[in-house]
Trainee: 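Next up is a structure, given as structure tokens.
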Amino acid sequence: MQTQREMAVEPARFENKVLSCWLGALLVTLGFHLNLCSADDTAKKDSSVPLKLHEVEGISEYVLPNGVKVLLFPDESKEVVTVNMTVFVGSRHEGYGEAGMAHLLEHMLFKGTPTHPEVPKVLQDRGARFNGTTWMDRTNYYETLPASEDNLEFALNLEADRLLNSNVKGEDLESEMTVVRNEFERGENSPMRVLMQRIESAAFDWHNYGKSTIGNRSDIERVPVVKLRQFYRKYYRPDNVMVIIAGNFEVDHALASVNKAFGSLPVPETPIDETYTVEPPKDGERTVVLRRVGEVQVVGAAYHIPAGSHPDFAAVKALANILGDEPSGRLYKGMVETEIASGVFTMASGFREPGLMMTMANVPDDQSIEQARAKLIELMENDWEQNPITEQEVERAKQQMLKARELESANTDKIAVALSDWAAQGDWRLYFLYRDAVEALTVEQVQSVADRYLQRNNRTVGLFIPSEESERISVPESPDLTTLLKDYKGREAVAAGERFDPDPIAIEERVQRGNLVGGIDYAVLPKKTRGGSVSVLMALRFGSPDSIKGKLGAVELLGLMMARGTEDLDYQQLQDEWTRLRAEVQIYTVKGVLQVQVQTKEEFLPEVIELLGKIFKSPRFEASELEVMRRQVITSLEGSKTEPNALAPRRVQRMLSPYDKDDVRYVMTIEEEIAMYEETTLEQIRELHANYLGNQAGQLAVVGNFEVDSTLDQFRAILDGWEAKQPFERIVSPAHPEIPGALVTIETPDKSNALLYSGQQYKLADSNAEYASLVLGNFILGGGSLSSRLANRVRQQEGLSYGVRSGVTAANFAEDEKVSFTLYAITNPANKDKLIRVIREEVNRVLDEGVTTEELEQAKGAYLQAERIGRTGDSKLASMLVKSVMNDRTLEFVSQYEAQIQAATVESVNAALRKYVDLDGLVMAVAGDFAAVEQPAE
């Protein structure tokens with residue numbers, strides 16, 4: 001240590017060092033990695049207020065002397081705070097033999113530090129929603145917690161700790177490597193996903209964007225822990241991170257806390273080497289072919305496009321919408337409506353450096369994939385001259401893109417992640433600059449990028465064919481962001497919402513309840529929300545177990561068909577209206593209920609309700625739309641015939657539903673469901689709508705910014721007099737605890753990943769204190785994310801599964817007194833027997849030894865905090881209100897339930913687990929390619 005006298009004799013040298021530190025931090029923000037202050041200097045510097053760099057629309061950027069970038073986005077309307085630490089390293093930075101290292105390292109940072117040895121557990125104990133994600137240019141670690149100064153300080157200290165002090169041990173790598181390999185194998189099960197990876201690989205000659213973020217199997221399996229530590233030390237450093245704090249917090253406290261947590265972290269002497277590989281111009285089309293077991297053909301094409309920061313990028317995104325949107329997209333009209341394909345999509349991802357726009361199409365097996373390929377290329381490359389882009393197409397794409405932004409802006413945690421993605425592309429302010437570019441888009445700009453980038457020699461499908469003259473398509477390099485963003489100020493910040501108490505009793509005091517019309521009751525919660533957002537959920541009940549027999553195909557398609565137009569609006573016009581009204585709308589039907597879910601803004605709510613009225617009363621029901629939907633549904637079902645994730649759960653559901661084929665509760669096979677949809681007619685759907693729907697039974701919930709009386713009056717006006725000709729009778733679904741346990745093995749050839757899925761049912765009311773104890777016991781057993789008995793044993797210790805979880809769920813209707821227990825895990829087919837053995841051992845250990853007092857207290861806190869966070873979401877609140885009305889309850893029931901959770905004891909939890917969880921009674925199905933592997937000896 002230096003004495004006060006020693007400090008006094010060299011003030012000038014110390015001040016110069018501090019100035020050098022600030023200069024280094026400023027240069028870091030401009031993209032330079034110069035180390036002008038050593039670790040000792042950093043420890044000595046003045047650690048007062050961080051330096052403010054920019055402020056745009058309520059979001060402020062700061063930088064600490066050691067180069068840590070900080071974004072603050074305060075929002076009082078949610079009682080949560082999100083901390084997002086972005087490390088600017090992704091698959092783009094990986095070298096030879098390092099494919100997948102950035103992603104593998106992300107997993108390892110959940111293995112703990114000396115100070116925080118159990119990261120998932122400490123996060124779960126505070127009720128956090130948390131995750132980590134890896135992409136081409138960055139790695140994210142984020143958690144959303146109940147808003148408090150203590151939680152904010154905890155999250156910041158945790159991220160600062162694992163930034164530099166994470167355990168990267170050989171024994172942890174051994175187990176986590178198999179978990180990541182399991183995640184890799186899960187992706188290998190999807191032919192479309194694999195084909196996309198192959199296209200990307202073929203599209204890039206040298207750039208790392210051609211490598212999948214998940215990595216190469218051999219690199220995942222063989223990476224030495226020493227190399228992983230070197231990668232960690234190279235990129236995980238204070239001058240290579242951005243910390244984003246979003247939500248309910250005090251700015252001064254946040255600045256002081258982030259400075260305290262991150263400000264003293266030392267900067268390594270060695271700077272980070274910038275990547276400099278530039279993909280050369282393309283001079284010929286390419287082809288890649290994938291041959292695997294499956295039912296549905298897929299064709300795709302990719303084209304090189306500029307970086308997300310380039311002025312052309314907004315036009316490229318609009319072009320992707322014009323091509324891939326449903327139902328207006330040119331690919332949809334040219335391929336789906338003409339029955340060449342059953343589904344298409346187009347995406348253009350923004351990266352720091354030039355990337356790809358990719359289009360994929362599902363082609364039914366009775367169609368020609370060569371015809372689909374030819375049509376795809378024709379529409380992508382050759383159709384523009386004969387059918388130029390129109391003003392309507394560009395305006396529609398702009399509004400769709402802006403609508404998505406505006407709906408996202410209601411959630412500060414989502415914006416936090418979005419800002420980190422733009423920061424990884426060069427600068428977080430690109431989030432706003434991109435919006436401005438979208439609003440200013442012209443037909444000429446979009447047509448220009450179509451002409452420039454959608455060319456044969458820039459395409460990845462096809463063959464190399466010599467030509468007399470070389471043709472090269474150059475994609476511009478990333479622009480100079482300093483010039484691009486100079487003096488950018490943005491606009492007014494989005495209107496903030498009110499402080500909201502998510503306690504169930506406090507919520508209930510604000511809820512207004514009553515009868516709307518007929519048999520429809522309502523529960524509404526007006527409150528000031530960010531950006532004036534409002535969520536609506538309506539359930540209209542119809543039919544009876546007897547009256548809908550033989551009509552299940554029409555029942556399942558009714559809602560989807562209603563969502564495709566009204567008498568005066570076709571599907572496209574209706575979608576355009578939803579875009580104009582900034583409304584995200586889902587309408588679907590299942591047995592006995594039509595459900596409508598809406599997210600929009602206060603100013604548009606009256607028009608949205610008016611449009612819903614037209615959908616209810618006068619749906620379009622076009623024969624051509626039915627055929628499109630039929631193809632899409634059947635193609636999806638055909639594709640699931642060989643998918644473990646579809647087959648195992650369906651088999652278990654069938655075994656747990658002991659009903660005859662003519663009972664509406666019977667669970668069909670895939671073949672039976674396909675036949676049902678093939679036989680469904682438009683007349684059946686029209687008859688169902690005309691005779692079954694009405695105001696006889698249902699629930700309505702509205703949460704957010706809206707005027708209560710006028711909103712309810714408007715709903716009354718559209719529902720009044722709308723009477724059903726067929727009476728409603730609820731489909732009762734009792735528990736079947738008597739069903740014996742079983743284990744069924746399903747062979748799915750050529751699938752690298754297997755799924756184990758199991759379930760059983762209990763006759764138990766959700767109002768019973770035993771239910772609360774069972775929920776807590778399951779939370780400890782396998783319901784608590786990465787921190788549970790099953791996750792610790794199966795994933796963390798044994799490395800057998802990327803995902804393992806158990807769940808306890810009560811039926812929607814309390815009268816059924818039905819509780820379901822499920823347990824599932826994915827694994828490599830070779831590990832099936834070991835996985836089952838380890839799961840049985842761990843469940844038996846819980847049942848034999850019981851949970852501990854410490855486990856129970858931590859589980860209570862974590863579970864209740866997670867429930868509290870859930871109630872900060874408006875759509876979640878709407879769902880809770882509908883369920884409360886449906887069961888003739890108020891949110892006081894939720895409060896009583898949480899009191900039962902709090903009152904549960906070790907004795908009550910262990911008794912509930914032992915009474916209900918029966919390993920021998922589990923109905924279990926495991927699906928995978930077991931014939932191709934030899935099970936290791938146990």
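Computed from a prediction, not measured in an experiment: that's the story for all the values here.
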Trainee: Are a donor atom and an acceptor atom from the side chains of Gln796 and Lys111 found within less than 3.5 Å of each other?
Mentor: yes
Trainee: Between atom CE of Met924 and atom CG of Leu919, what is the distance when rounded to the nearest 0.5 Å?
Mentor: 7.5 Å
Trainee: Which heavy atom of Ala418 sits nearest a heavy atom of Tyr431, and at what distance?
Mentor: CB-CE1, 4.2 Å
Trainee: If the condition is ring pair (Phe, Tyr, Trp, His ring centres under 6.0 Å), which residues does Phe231 pass it with, not counting sequence neighbours?
Mentor: Tyr235
Trainee: Which residue pairs satisfy the salt bridge (charged side-chain N to carboxylate O under 4.0 Å, His left out) criterion with at least one member in residues 241-256, sequence neighbours excluded?
Mentor: Glu250-Arg499
Trainee: Could you work out, with side chain to side chain donor-acceptor pair (under 3.5 Å) as the rule, every residue matching Gln230, not counting sequence neighbours?
Mentor: none
Trainee: Is Glu841 salt-bridged to Arg837, cutoff N-O under 4.0 Å?
Mentor: yes
Trainee: Suppose the criterion is salt bridge (charged side-chain N to carboxylate O under 4.0 Å, His left out): which pairs have a residue in residues 846-856, not counting sequence neighbours?
Mentor: Arg789-Glu855
Trainee: For Asp501 and Arg868, what are the C-alpha separation, side-chain angles and deciding distance, and is it a salt bridge (charged side-chain N to carboxylate O under 4.0 Å, His left out)?
Mentor: CA-CA 9 Å; Asp501 185 354; Arg868 186 175 180 86; 3.5 Å; yes
Trainee: Hey, is Arg795 close enough to Glu798 for a salt bridge, meaning N to O under 4.0 Å?
Mentor: no
Trainee: Before you tell me yes or no, could you show the steps for Val917 and Asn778 under side chain to side chain contact (heavy atoms under 4.5 Å, CB included), namely the whole-Å CA-CA distance, both residues' side-chain angles and the distance that decides it to 0.1 Å?
Mentor: CA-CA 9 Å; Val917 178; Asn778 173 74; over 6 Å; no
Trainee: List the residues meeting side chain to side chain donor-acceptor pair (under 3.5 Å) with Tyr863, not counting sequence neighbours, and say none if there are none.
Mentor: Tyr897
Trainee: Which residues pass the side-chain contact (heavy atoms from CB on, under 4.5 Å) test with Val122, not counting sequence neighbours?
Mentor: Phe154
Trainee: Determine, step by step, whether Phe500 and Ser77 satisfy the side chain to side chain contact (heavy atoms under 4.5 Å, CB included) criterion, reporting the C-alpha distance in whole Å, the side-chain angles of both residues, the deciding distance to 0.1 Å, and the verdict.
Mentor: CA-CA 6 Å; Phe500 180 74; Ser77 64; over 6 Å; no
Trainee: Going by the rule side chain to side chain donor-acceptor pair (under 3.5 Å), which residues pair with Glu94 if we only count those two or more places apart in sequence or in a different chain?
Mentor: none
Trainee: Please collect all salt bridge (charged side-chain N to carboxylate O under 4.0 Å, His left out) contacts where either partner lies in residues 127-140, sequence neighbours excluded, each pair once.
Mentor: Arg92-Asp137, Arg129-Asp413, Arg138-Asp421
Trainee: Taking ring pair (Phe, Tyr, Trp, His ring centres under 6.0 Å) as the definition, give me every residue that meets it alongside Phe351, ordered by chain and number, with sequence neighbours left out.
Mentor: Trp135, Tyr209
Trainee: Does Lys260 have more than 12 heavy atoms from other residues, nucleotides or ligands lying within 6.0 Å of its NZ?
Mentor: no
Trainee: Once salt bridge (charged side-chain N to carboxylate O under 4.0 Å, His left out) is applied, what residue pairs with a partner in residues 144-154 remain, sequence neighbours excluded?
Mentor: Arg126-Asp150
Trainee: Restricting to side chain to side chain donor-acceptor pair (under 3.5 Å), what partner residues turn up for Ser349, sequence neighbours left out?
Mentor: none
Trainee: Can you tell me how far CG of Leu774 sits from CG of Leu781, rounded to the nearest 0.5 angstrom?
Mentor: 10.0 Å
Trainee: What residues, two or more places apart in sequence or in another chain, satisfy ring pair (Phe, Tyr, Trp, His ring centres under 6.0 Å) together with Tyr232?
Mentor: Tyr236
